[in-house]
Amino acid sequence: MKHIVKILALVVAITVLWIGLLQTSVIPYNHTWLLPIYFVVSLGCYGLLMVGVGLMNFPTCPQEALLLQKDIVEAKEYLKQKGVLTLN
C-alpha cells in the first residue's frame, strides 16, 4: 500500500508541475505539450539502463552450479532405472 501511495504522489506532483508549466509561459507552449512523451521515453531509457546494470552485476554461483549438475546426474540415473531414459 505504501508503494502505491508513493507512485500516486509522484504522478500527482508531475501532473501539477506539467499543468503549471502549461498555464505559465516559462517553457514555450509547443514544448510543454511534449513533456509527457519525453517523460515516458526517459522512463523507458531508465528502465533499460537498470536492466543492463542488473545483467552486468548478475552474480555467478559456482556452488549452486555444482549442486545442479549433481541433481541432473541423479535424475538421469533415476530415469534410467525406471526405463524412461535410454542411452544417449
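Count residues from 1 along the sequence.
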Subject >> Reported CD1-to-NZ distance for the pair I7 and K2, which is rounded to 0.5 angstrom >> reply: 14.5 Å
Please list every donor-acceptor pair under 3.5 Å in which a side-chain atom of residues 43-66 meets a protein atom from a residue at least two apart or in another chain.
| unit_1 | atom_1 | unit_2 | atom_2 | d |
| --- | --- | --- | --- | --- |
| N57 | ND2 | V53 | O | 3.4 |

Which donor-acceptor pairs under 3.5 Å do the side chains of residues 9-20 make with protein atoms, sequence neighbours left out?
| unit_1 | atom_1 | unit_2 | atom_2 | d |
| --- | --- | --- | --- | --- |
| T15 | OG1 | V11 | O | 2.7 |
| W18 | NE1 | T32 | O | 2.8 |

